[in-house]
Amino acid sequence: MTQTRGALLRSYVSGNWHTPPGEGRPLHDAVTGDEVARISSEGIDFGAALTYGRTVGGPALRELTFHQRAALLKALGGHLREHRDELYAVSAQTGAILGDSKFDVDGGIGVLLAYASLAKRELPNDTVYVDGAVTPLGRAGTFLGQHVCSPLHGVAVQVNAFNFPVWGPLEKLAPAFLAGVPSLIKPASPTAFLTARLVELIVGSGLLPEGSLQFVAGGLGDTFDHLTGQDLVSFTGSAATAQTLRAHPAIVRNAVRFSAEADSLNFSALGPDATPGTEEFDLFVKGLTTEMTVKAGQKCTAIRRAFVPEQHVDAVVEAASARLAKVTVGDPATAGMGALASLEQREEVRRSVKALTDAGRIVFGDPDSVEVTGADADRGAFVSPLLLVGDPERAEPHEVEAFGPVSTILPYTSTAQLIDYAARGQGSLAGSVVTGDTAFAREVVLGVAPWHGRILVLNAKDAKESTGHGSPMPQLVHGGPGRAGGGEEMGGIRGVLHHMQRTAIQGDPDTLSAITGRWVTGSERHETDVHPFRKHLEELRPGDTLVAGPRVVTQEDVEHFAEFTGDTFYAHMDAEAAAANPLFGERVAHGYLIVSFAAGLFVDPAPGPVLANFGVDDLRFLTPVKFGDELTVTLTCKQLTPRESAGYGEVRWDADVTRQDGESVARYDVLTLVAKKESAQ
Ligand code: NDP
């Protein structure tokens with residue numbers, strides 16, 4: 001048989017495709033053993049690549065607002081979606097069945113889209129992120145504090161694991177890109193040919209600003225020597241490599257942000273209430289066997305330790321074995337489980353299983369033999385699902401991560417013991433508790449939370465919608481303490497902020513307003529002849545103000561409002577009861593009446609650019625309003641958020657309703673949608 005020679009993978013650095021000199025190292029199809037590609041990063045000037053990212057990619061990204069970056073991520077997701085079939089085909093060469101490929105490819109695209117949509121909802125259409133509320137630092141209100149986050153001016157060096165060649169890089173790229181930080185992607189060599197195709201598609205799309213994404217196929221050379229305090233490293237892989245990289249002199253010297261996601265002995269626990277025959281029992285067994293076989297168990301979040309009440313161990317072994325017996329292993333096109341990523345990885349799994357059998361026994365599967373369908377068992381990296389029953393008092397089940405279709409059932413006899421065992425993993429990415437008993441769930445979740453990044457409570461109520469034990473969600477934190485690396489990825493906007501520097505700014509209100517682009521209490525207001533509701537989005541400025549009133553609140557108003565709405569609460573309607581109320585001492589106006597009167601004072605009723613009022617934020621009633629009090633409202637434009645590719649934007653207004661003595665009686669933000677002038681032309 002003639003052995004075909006794979007093409008040399010190209011890197012994309014400093015604005016060019018780089019083809020290495022020399023022959024490179026061969027990479028093999030996990031199923032057929034054929035050479036699919038060759039890899040080498042020889043000849044790359046890594047220092048220059050980092051400089052290129054910092055000087056070309058960074059500035060280009062920082063020119064864009066969060067929403068503009070989000071729009072590019074969304075477009076990129078759409079582009080990759082059109083090429084999914086091609087990526088699935090390459091993915092099959094990593095040993096993945098179609099379901100695994102979808103997990104990786106569609107999951108990665110899903111992260112791009114989820115981040116794009118999160119950014120539009122939770123980030124401003126601006127280049128500066130304001131973190132938290134303004135903090136008064138002086139009595140007179142002339143000295144304030146405010147935190148802002150700005151993108152680091154370095155490069156996010158992203159070192160990925162072999163098991164998710166598409167999802168891994170995209171999950172790291174999305175938050176870095178949104179933050180305004182360029183990425184340098186380094187995939188794990190065994191499956192780098194799939195990431196290389198992904199990057200070709202991304203670069204070929206022309207969607208991302210030049211320099212915002214670079215790609216190294218092969219080793220990282222002296223990259224780490226060039227890292228500065230403005231760069232970041234996000235690593236996924238083994239704890240041993242994490243330890244080496246974290247201790248690199250440049251990382252230590254320059255306090256480079258280093259985030260690691262490494263080994264993890266994740267657990268799933270069956271609750272004592274979930275006896276055989278219950279829906280929860282079936283959910284537990286299904287979750288366990290699914291986690292064993294999806295991606296052939298090569299998932300950082302897969303269940304390695306299955307805690308089962310002692311009396312149900314035999315029932316779980318029987319039910320899980322019955323399910324595993326139905327899983328065919330072989331050709332990814334037809335089998336239920338594909339191959340491991342490489343023959344080396346299979347050897348690694350066998351070594352780990354050997355260590356686990358020192359503290360347990362195999363109850364399903366044989367590490368050295370598996371029936372393979374539709375493929376050559378001698379050439380592909382196939383292994384059987386392997387279920388063990390172990391001794392939870394031994395160290396091995398809590399410490400040895402067999403990175404394949406391998407799980408160990410561990411009996412427990414009490415909740416306290418379960419919590420103790422779960423913690424012996426010394427830090428994990430994910431845990432799950434399968435129970436319908438909320439008190440048990442609370443005790444276990446709060447007991448094990450310090451050792452876990454994410455915990456799923458699964459039962460009949462949420463099973464249908466549940467995304468499962470092993471799926472990290474872009475909205476939620478992915479990462480775990482201790483052995484799991486101590487890092488945090490994704491987690492919604494938290495993942496974006498990891499790439500930014502939070503800075504406390506102290507100053508006077510006008511200066512803070514100028515820096516953040518938002519009006520803050522105490523900064524200059526400007527009243528204009530034109531009612532602010534008659535101004536289009538482009539014409540409004542933070543600080544534009546309308547003062548309206550006064551309006552007297554009468555007893556008739558309050559009684560009319562009470563009857564009209566049905567809100568006849570005693571504080572408004574019953575003089576005697578109101579007098580006994582220690583906060584009021586007499587009848588007072590409804591808070592909602594005050595807000596309604598305020599609206600009546602500040603609106604401009606004629607059709608105009610204000611399209612809708614979509615809510616209020618932070619509404620507080622500060623001082624009771626008594627009959628005869630006079631209300632004045634001061635409405636100030638606080639923040640403008642134009643929406644990309646829409647004919648309008650959001651305007652946040654500060655509403656301050658005051659009494660005749662100047663005291664604030666109600667304070668809140670009014671949220672409106674205001675048309676752009678361009679859309680009216
Ligand atoms: P490694 O830690 O060896 O590799 C992970 C990544 O680090 C790869 O991209 C690798 O590149 C890179 N790398 C390795 N050494 C260096 C270095 N000195 N400088 C810069 N980059 C480096 O893990 P593996 O992929 O080989 O997997 C080994 C084991 O790790 C698995 O069997 C499993 O137990 C665990 N693992 C855990 C994961 C998790 O998320 N919990 C995910 C994947 C693996 P290259 O491939 O080119 O060497």
Side-chain angles (χ1 to χ4, degrees), residues 132-136 140-141 144 509 513 518-527 531-533 540 542-575 577-579 581-605 610 612-639 650-674:
V134 171
T135 306
L144 309 174
S513 278
R518 298 170 183 205
W519 180 85
V520 301
T521 303
S523 65
E524 200 185 316
R525 291 183 159 111
H526 19 93
E527 288 183 65
H531 189 291
F533 276 25
L540 278 166
D544 281 359
T545 297
L546 172 82
V547 180
R551 167 169 187 154
V552 178
V553 182
T554 65
Q555 180 172 339
E556 292 71 44
D557 290 332
V558 172
E559 287 170 359
H560 174 70
F561 189 79
E563 274 153 35
F564 181 53
T565 62
D567 178 354
T568 53
F569 189 63
Y570 76 89
H572 316 303
M573 299 299 285
D574 182 337
N581 180 315
L583 296 179
F584 302 137
E586 62 184 280
R587 288 170 69 185
V588 295
H590 303 72
Y592 298 122
L593 174 63
I594 296 166
V595 171
S596 302
F597 276 168
L601 290 171
F602 67 62
V603 294
D604 180 87
V610 177
N613 169 357
F614 71 98
V616 293
D617 270 356
D618 303 328
L619 171 60
R620 287 289 177 281
F621 299 120
L622 302 164
T623 315
V625 170
K626 301 185 172 159
F627 303 157
D629 280 348
E630 281 181 1
L631 302 182
T632 298
V633 60
T634 304
L635 188 76
T636 307
C637 174
K638 198 170 181 179
Q639 186 190 349
E650 296 170 17
V651 181
R652 180 178 285 269
W653 308 83
D654 178 84
D656 185 15
V657 186
T658 48
R659 226 166 38 179
Q660 59 280 2
D661 57 358
E663 194 75 28
S664 285
V665 298
R667 197 123 197 209
Y668 49 100
D669 284 0
V670 176
L671 310 171
T672 58
L673 297 179
V674 176

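In this structure, Val552 and Asp557 approach most closely via the heavy-atom pair O-OD2, 3.5 Å. The two atoms that bring Phe621 and Val595 nearest to each other are CE2-CG2, 3.7 Å, heavy atoms only. Nearest heavy atoms, Ala666 versus Ile594: CB-CG2, 4.3 Å. Of all the heavy atoms in Asp629 and Pro624, the pair that sits closest is OD2-O, 4.1 Å. The two residues Val588 and His572 come nearest to each other via the heavy atoms O-ND1, 2.9 Å. Between Pro509 and Val520, the shortest heavy-atom contact is O-CG2, 3.5 Å.
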Check your understanding: What's the verdict on side chain to side chain contact (heavy atoms under 4.5 Å, CB included) for Lys626 and Val553, showing C-alpha distance, side-chain angles and the deciding distance?
Key -> CA-CA 8 Å; Lys626 301 185 172 159; Val553 182; over 6 Å; no

Practice item. For the pair Leu631 and Val625, evaluate side chain to side chain contact (heavy atoms under 4.5 Å, CB included) and give the outcome as yes or no after the intermediate values. Key: CA-CA 9 Å; Leu631 302 182; Val625 170; 4.0 Å; yes

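Looking at Glu650 and Leu673, their side chains come closer than 4.5 Å, going by heavy atoms from C-beta outward. Between Arg587 and Glu559, the closest side-chain pair of non-hydrogen atoms falls below 4.5 Å.
Checking side-chain atoms of Asn581 against main-chain N and O of Ala578 turns up no donor-acceptor pair under 3.5 Å. Arg652 places no side-chain N or O within 3.5 Å of a backbone atom of Leu671 that could act as its donor or acceptor partner. At least one donor-acceptor pair under 3.5 Å links the side chain of Thr623 to the backbone N or O of Ser664. In terms of modelled atom types and a separation under 3.5 Å, the side chain of Ser513 and the main chain of Arg518 share a donor-acceptor contact. His590 places a side-chain N or O within donor-acceptor distance of the main-chain N or O of Asp567, the cut-off being under 3.5 Å. No donor-acceptor distance shorter than 3.5 angstrom exists from the side chain of Glu630 to the backbone of Gln660, with no hydrogens or angles considered. No side-chain donor-acceptor contact under 3.5 Å links Ser523 to the backbone of Trp519.
Remark: Asp669 CG to Leu635 CG distance equals 10.0 Å, nearest 0.5 Å. Rounding to the nearest 0.5 angstrom, the gap separating the OG1 atom in Thr634 from the CD atom in Glu527 is 8.0 Å. One finds the OG1 atom of Thr521 at 8.0 Å from the CG atom of Leu144 (value rounded to the nearest 0.5 Å). Between the CG atom in Leu540 and the CD atom in Gln639 there is a gap of 13.0 Å [rounded to 0.5 Å]. In this structure, CG in Asp604 is found 5.0 Å from NE2 in His531, a value given to the nearest 0.5 Å.
A parallel orientation is assigned to the rings of Phe564 and His560, their planes being inclined by less than 30° (bins at 30° and 60°). Ring geometry for Phe533 versus Trp653: interplanar angle of 30 to 60°, hence tilted.
Evaluated for a side-chain contact (heavy atoms from CB on, under 4.5 Å) with Val657, the options Thr632, Val633, Leu601 yield exactly one hit, Val633.
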